[in-house]
**Student:** 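One structure, pasted below without further comment.
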Amino acid sequence: QLIRMSSADNVLPPTFLPGWHKEEEVKKMTYRKLGQTDMVVSPVGIGGAVVGGGIYPDKGDLEEIFECVELALRSGVNYIDTSPFYGEGKSEEVLGQALRRVPRHTYYIATKVGRYSFDWKKAFDFGEERILAEFEKSLQRLQLSYVDLIQIHDFEFCQDPVRIAKETLPVLEKIVKSGKARYIGITGYPLEEFHKVLDVTDVKVDTVLSYCRNIFVDMSLKDHIPYFEEKSIGIINASPTGMGLLTNNGPREGHPASKELKAICSAAGAYCSSRGVELGKLSVHHNIASHPLTVAITLLGVGNMEILRLNMEIVREGLTNTEEEVLREVMDKFFSDIDRDIASWDGKELEEYNMAMRD
């Protein structure tokens with residue numbers, strides 16, 4: 001039996017705190033159940049990669065980040081996702097400081113294990129000892145006694161789905177039994193790999209986090225939704241602009257997409273600019289609006305007030321008539337028949353990683 005998302009307008013989520021939240025703002029959000037967990041989440045969540053610095057330029061100073069996090073939460077956003085990999089601990093540390101101002105039961109927070117460093121040679125460790133030690137450090141940085149969700153970060157780099165299923169997931173189960181996390185998830189880029197883990201594990205996996213798979217150039221997440229639903233797994237969607245690929249400014253240096261794909265997206269961004277529209281806004285809107293019954297939440301970076309304002313506007317107001325029009329034109333001109341072979345960068349980072357490990 002498929003578990004359908006239950007969502008209801010004007011229903012206040014369990015995270016609501018009278019007098020602390022901006023009630024009118026909260027009522028404008030449609031909350032959704034995350035899989036079979038007890039988490040009732042806002043349609044957008046805070047993605048912690050931005051506050052880790054190092055990768056994304058559009059983050060404010062610390063004080064501004066603290067204010068962004070607090071304002072987002074008061075306005076009804078109730079989900080935060082981070083990882084020790086983001087800024088190599090910096091993201092968790094900054095969020096830990098920001099959350100000192102915020103009552104603990106007003107948000108759900110997720111972190112990850114398994115991926116730790118920008119240096120390929122030190123990047124991954126899916127073994128029990130390191131996971132348990134690093135997770136304790138994560139809790140210290142976050143200044144929390146527990147997290148709501150603990151996830152294996154980019155499990156495909158283990159290159160052994162059976163090991164993830166039989167050895168790594170049971171470590172997360174131990175963490176849950178200890179009371180330091182409530183639910184278990186896995187995150188990764190190649191969607192087929194999720195099946196290889198989920199089909200053989202005995203551990204109850206509550207969520208999957210997929211990124212860059214619900215964007216104009218690659219909408220393959222939709223092909224896997226029925227599988228995740230059948231397993232009653234909550235779906236978290238991240239990187240709604242394809243890690244900056246679908247923005248007027250384009251992606252950061254070193255983005256793994258092919259030259260051809262970058263060229264198409266760059267042309268689309270230039271076209272949007274000429275029409276006075278931000279491609280990133282169209283892309284974020286597409287992520288939030290598509291699959292509202294099955295994809296529980298989309299993670300967004302909110303590194304400064306302006307970006308937060310834009311993102312909240314998309315959630316509440318959707319697109320203007322002009323933006324709707326430009327969206328149709330962009331889909332038609334640039335994204336209608338992208339060759340599937342260039343639409344994603346499957347295997348590219350793994351290849352890079354394997355080469356680095358051979359050196």
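Values reported hereafter were calculated over all heavy atoms of this structure, with side chains retained and with hydrogens, waters and symmetry mates removed. All of these numbers come straight from a predicted model, not from anything done at the bench.
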**Student:** Measuring only between side-chain heavy atoms, which start at C-beta, is S75 closer than 4.5 Å to M312?
**Tutor:**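 Yes. Closest side-chain heavy atoms under 4.5 Å.
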**Student:** Short question: side chain of Y183, backbone of D38 - any donor-acceptor pair under 3.5 Å?
**Tutor:** yes
**Student:** Between Y227 and F194 (judged by ring centroids, cut-off 6.0 Å), do the two rings come close enough to count as a pair?
**Tutor:** no
**Student:** Has D206 got a side-chain atom pairing as donor or acceptor with I184's backbone, closer than 3.5 angstrom?
**Tutor:** yes
**Student:** R316: what forms a salt bridge (charged side-chain N to carboxylate O under 4.0 Å, His left out) with it, not counting sequence neighbours?
**Tutor:**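 In terms of salt bridge (charged side-chain N to carboxylate O under 4.0 Å, His left out), with neighbours along the sequence ignored, R316 is linked to E25.
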**Student:** Counting N and O atoms only, with roles assigned by atom type, does the side chain of S210 sit under 3.5 Å from a partner on the main chain of N237, one being a donor and the other an acceptor?
**Tutor:**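 Not confirmed, S210 side chain does not pair with N237 backbone.
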**Student:** Do V40 and F16 have side chains that approach each other closer than 4.5 Å (heavy atoms only, starting at C-beta)?
**Tutor:**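 Of all side-chain heavy-atom pairs linking F16 with V40, none is under 4.5 Å.
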**Student:** Kindly give the heavy-atom pair with the smallest separation between A257 and L261, and that separation in Å.
**Tutor:**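 For A257 and L261, the tightest heavy-atom pair comes out as CB-CD2, 4.0 Å.
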**Student:** Is there a donor-acceptor pair closer than 3.5 Å between any side-chain N or O of N248 and the backbone N or O of V277?
**Tutor:**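 Yes; judged by distance alone, with no hydrogens or angles, the pair exists.
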**Student:** Is a donor on one side and an acceptor on the other found under 3.5 Å between the side chain of H255 and the backbone of G250?
**Tutor:**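 No, the answer is negative, given that no donor and acceptor are paired below the 3.5 Å cut-off.
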**Student:** If we ignore hydrogens and angles and just use 3.5 Å, is the side chain of R32 paired with the main-chain N or O of V295 as donor and acceptor?
**Tutor:** yes
**Student:** Would you name the heavy atoms of L34 and I235 that are closest together and state the gap between them?
**Tutor:**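 So the minimum-distance heavy-atom pair works out to CD1-N, 4.1 Å.
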**Student:** Taking L17's backbone N and O only, do any of them form a donor-acceptor pair with H21's side chain (distance below 3.5 Å, no angle check)?
**Tutor:** yes
**Student:** Would you find more than 12 non-hydrogen atoms of other residues, nucleotides or ligands less than 6.0 Å from E63 atom CD?
**Tutor:** yes
**Student:** Regarding N249 and T247, do their side chains bring together a donor and an acceptor under 3.5 Å, going by distance alone?
**Tutor:** no
**Student:** Aromatic rings Y271 and F334: how do their planes relate, parallel, tilted or perpendicular, breaks at 30° and 60°?
**Tutor:** tilted
**Student:** Got more than 12 heavy atoms from elsewhere within 6.0 Å of CD, E351?
**Tutor:**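 It does not: E351 CD has 12 such atoms or fewer within range.
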**Student:** Return the NE2 to CD distance between H153 and E134, rounded to the nearest 0.5 Å.
**Tutor:**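 The CD atom of E134 is 13.5 Å from NE2 of H153, to the nearest 0.5 Å.
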**Student:** Is there a path of hydrophobic side-chain contacts, each under 4.5 Å between heavy atoms of I/L/V/M/F/W/Y residues, joining V171 to V200?
**Tutor:**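 No.
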**Student:** Could you walk me through whether E92 and T82 pass the side-chain hydrogen bond (donor to acceptor under 3.5 Å, both in side chains) check?
**Tutor:** CA-CA 6 Å; E92 290 178 326; T82 184; 5.0 Å; no
**Student:** Take a 6.0 Å sphere around CG of D337 and say whether it holds more than 12 heavy atoms from other residues, nucleotides or ligands.
**Tutor:**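 Result for CG/D337: open.
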**Student:** Would you compute the distance between atom OG1 of T111 and atom CG of L142 and round it to the nearest 0.5 angstrom?
**Tutor:**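 Going from the OG1 atom of T111 to the CG atom of L142 covers 6.0 Å.
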**Student:** Would the number of heavy atoms belonging to other residues, nucleotides or ligands and lying under 6.0 Å from NZ of K174 be above 12?
**Tutor:** no
**Student:** Are any of the side-chain nitrogens in R213 or D346 under 4.0 Å away from the carboxylate oxygens of its partner?
**Tutor:**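 Answer for the salt bridge query: yes.
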**Student:** Are L73 and L12 connected into the same hydrophobic cluster when the rule is that any two of I, L, V, M, F, W, Y join if their side-chain heavy atoms are below 4.5 Å apart?
**Tutor:** yes
**Student:** Okay, side chain of R104, backbone of Y107: is any donor-acceptor separation there less than 3.5 Å?
**Tutor:**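 Yes.
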**Student:** Measure the acute angle between the ring planes of Y353 and F124, then classify it against the limits of 30° and 60° as parallel, tilted or perpendicular.
**Tutor:** perpendicular
**Student:** Could you tell me whether E193 and K196 have a side-chain N and a carboxylate O separated by less than 4.0 Å?
**Tutor:** yes
**Student:** Quick check: is F135 connected to L144 through a chain of hydrophobic side chains (ILVMFWY, heavy atoms under 4.5 Å apart)?
**Tutor:**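 Yes, because L144 and F135 connect within a single hydrophobic cluster, where side-chain heavy atoms sit under 4.5 Å apart.
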**Student:** Looking only at heavy atoms, what is the nearest atom pair of L95 and I80, with distance?
**Tutor:** CD1-CG2, 3.8 Å
**Student:** Would E313 and R309 satisfy salt bridge (charged side-chain N to carboxylate O under 4.0 Å, His left out), going step by step from the backbone distance to the final call?
**Tutor:** CA-CA 6 Å; E313 201 175 272; R309 191 188 61 73; 2.9 Å; yes
**Student:** If you look at every heavy atom in C265 and F335, which pair is closest and at what distance?
**Tutor:**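 Closest heavy-atom pair between C265 and F335: SG-CE2, 4.3 Å.
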**Student:** Output all residues satisfying side-chain contact (heavy atoms from CB on, under 4.5 Å) with P170, sequence neighbours left out; order by chain, then residue number.
**Tutor:** V203
**Student:** When you measure from the centre of the six-membered ring of F157, is the NZ or CZ of R115 closer than 6.0 Å and no more than 45° off the axis?
**Tutor:** yes
**Student:** Cation-pi check, R130 to Y116: give yes when NZ or CZ is under 6.0 Å from the six-membered ring centre and within 45° of the ring axis, no otherwise.
**Tutor:** yes
**Student:** Would a 4.5 Å heavy-atom cut-off, applied to side chains only, mark K112 and D81 as touching?
**Tutor:** yes
**Student:** V102 and A98: which non-hydrogen atoms are nearest, and at how many Å?
**Tutor:** CG2-O, 4.0 Å
**Student:** Check N214 against L221 and note the closest heavy-atom contact, atom names and distance.
**Tutor:**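 Between these two residues, the closest heavy atoms are CB-CD2, 4.2 Å.
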**Student:** Is there side-chain contact between T15 and Y79, with at least one heavy-atom pair below 4.5 Å?
**Tutor:** no
**Student:** Does one hydrophobic cluster hold both L310 and L245, with members joined at side-chain heavy-atom distances below 4.5 Å?
**Tutor:**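 The answer is no; the residues belong to distinct hydrophobic clusters.
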**Student:** Considering residues, nucleotides and ligands other than K180, do more than 12 of their heavy atoms fall under 6.0 Å from its NZ?
**Tutor:**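 Open: at most 12 neighbouring heavy atoms sit under 6.0 Å from NZ of K180.
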**Student:** D119 and S117: side-chain hydrogen bond (donor to acceptor under 3.5 Å, both in side chains), yes or no, with the steps?
**Tutor:** CA-CA 5 Å; D119 175 349; S117 170; 5.3 Å; no
**Student:** Can you tell me if N321 has over 12 outside heavy atoms packed within less than 6.0 Å of its CG?
**Tutor:**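 For N321, atom CG is not crowded (no more than 12 foreign heavy atoms under 6.0 Å).
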**Student:** When you measure from the side chain of K121 to the backbone of A356, do you find a donor-acceptor pair of N or O atoms at a distance under 3.5 Å?
**Tutor:** yes
**Student:** Kindly indicate whether the side chain of I215, heavy atoms from C-beta on, has any atom under 4.5 Å from the side chain of S239.
**Tutor:** no
**Student:** Please examine the side chains of L282 and L319, heavy atoms only from C-beta on, and report whether any two atoms are closer than 4.5 Å.
**Tutor:** yes
**Student:** Pick out which of T298, N78, T30 makes a side chain to side chain donor-acceptor pair (under 3.5 Å) with S42.
**Tutor:**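 Testing S42 for a side chain to side chain donor-acceptor pair (under 3.5 Å) against T298, N78, T30 leaves exactly one candidate, N78.
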**Student:** Side-chain contact, heavy-atom cut-off 4.5 Å: E128 with E167?
**Tutor:**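 No - every pair of side-chain heavy atoms lies 4.5 Å or more apart.
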**Student:** Do the side chains of V208 and V162 join up, straight or via other hydrophobic residues, at under 4.5 Å, putting them in one cluster?
**Tutor:**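 As far as the 4.5 Å side-chain criterion goes, V162 and V208 are not connected within one cluster.
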**Student:** Is R100 close enough and on-axis enough to F66, meaning under 6.0 Å and within 45°, for cation-pi?
**Tutor:** no
**Student:** State whether the side chain of R163 and the backbone N or O of T168 hold a donor-acceptor pair below 3.5 Å, judged by distance alone.
**Tutor:** no
**Student:** Check whether any side-chain heavy atom of D339 lies under 4.5 Å from a side-chain heavy atom of E260, and answer yes or no.
**Tutor:**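 Counting from C-beta outward, D339 and E260 never come under 4.5 Å.
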**Student:** From I65 CD1 over to L308 CG, what is the distance, rounded to the nearest 0.5 angstrom?
**Tutor:** 12.0 Å
**Student:** State whether K231 and D199 are salt-bridged, where the test is any N-O pair (Lys NZ or Arg NE/NH1/NH2 against Asp/Glu carboxylate O) under 4.0 Å.
**Tutor:**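 Salt bridge present between K231 and D199.
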